[in-house]
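Notes to accompany the following structure.
It should be emphasised that the depicted structure is a prediction, and the values quoted were computed from it without experimental measurement. Just follow the structure's listing: the first ligand is 1, and inside any ligand the first atom is 1. Throughout, numbering of the chain's residues begins at 1 and tracks the sequence.
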Amino acid sequence: MIRPYVLAETNWESLKDEQFELAVLPWGATEAHNYHLPYGTDNYQAQSFVEAAAKVSWGKGKKVIVLPTIPFGVNTGQKDIYLDMNLNPSTQLAILKDIVTVLNRQGIYKLLLFNGHGGNNFKPIVRELGLLFPDMFISFSFFPQMLNKTQYFKEKGDHADEMETSLMLYLRPDLVLPKDKWGSGDEKKFKIKAFNEGWLWAERQWSKVSSDTGIGNPEFATADKGERFFNDITTKLDELFCALCEADLKDLYE
Ligand SMILES: [Zn+2]
């Protein structure tokens, strides 16, 4: 079944008289995820959320179009990890400038960046694009922040953790190695206290803080947890798509 809200699948026959309200761009990364998850984990996740939510919004008559996922993210801290791919933030700005130029020219003034990778930071980029394209309304969301993870998962983590392993067990179990291959995701912290109090930041050299590339124990991951989390994210994302489609860009505040 061709999905008319997925640009990579639809066709000129459907699009020649179409006018979309909202474009959604999933943005992931290609990087090691502990021993057991695929390098494309962030892409599979981001794209699956967005496509599932767009299906619901489309069914409600909302004009949302999902753009093809950008598969590379910022991985400057993982330069010594084999085949972790890196796009510099300045390259992300260049890519987005070109994409936004197309949308702006064709009258799709709402763009949501749906981020699947913690190393991508779109805030400075969105600020800069806002000056260049005053008619565009660009927002971004990073999915692990959409829900309280502790209500779904036992262990904390932020990379190839219980959440990501559960999601992949639900979405693509064929790509997850058996449990005896899962690393513990043990994480080393900075010795300087201020980093761990959250008011000081420096990039972590990933290979020095994790021996298996994971951060967070995946041990208690299950497909059922992944399904529950996936469905709740999708519900919330559909609400966001609808709100963005309905928003009057001249009347955004109350
Ligand atoms: Zn990930």
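- Listed by first and then second residue, the ring-ring contact (aromatic ring centres under 6.0 Å, His included) pairs involving residues 102-133 are W27-F122 (not counting sequence neighbours).
- Note on the Zn ion (ligand 1): protein N/O/S atoms under 2.8 Å are H33 NE2, D42 OD1, E164 OE1, E164 OE2.
- No donor-acceptor pair under 3.5 Å is formed between the side chain of D186 and the backbone N or O of I215.
- Partners of D238 under the salt bridge (charged side-chain N to carboxylate O under 4.0 Å, His left out) rule, at least two apart in sequence or in another chain, are K60.
- Not one N or O on the side chain of K62 forms a donor-acceptor pair closer than 3.5 Å with the backbone of F241.
- Taking the six-membered ring where the residue is Trp, the centroids of F229 and Y170 are separated by 6.0 Å or more.
- Here W182 sits in one hydrophobic cluster together with L37, Y44, M168, L169, L175, V176; the rule is ILVMFWY side chains under 4.5 Å apart, joined directly or through other members.
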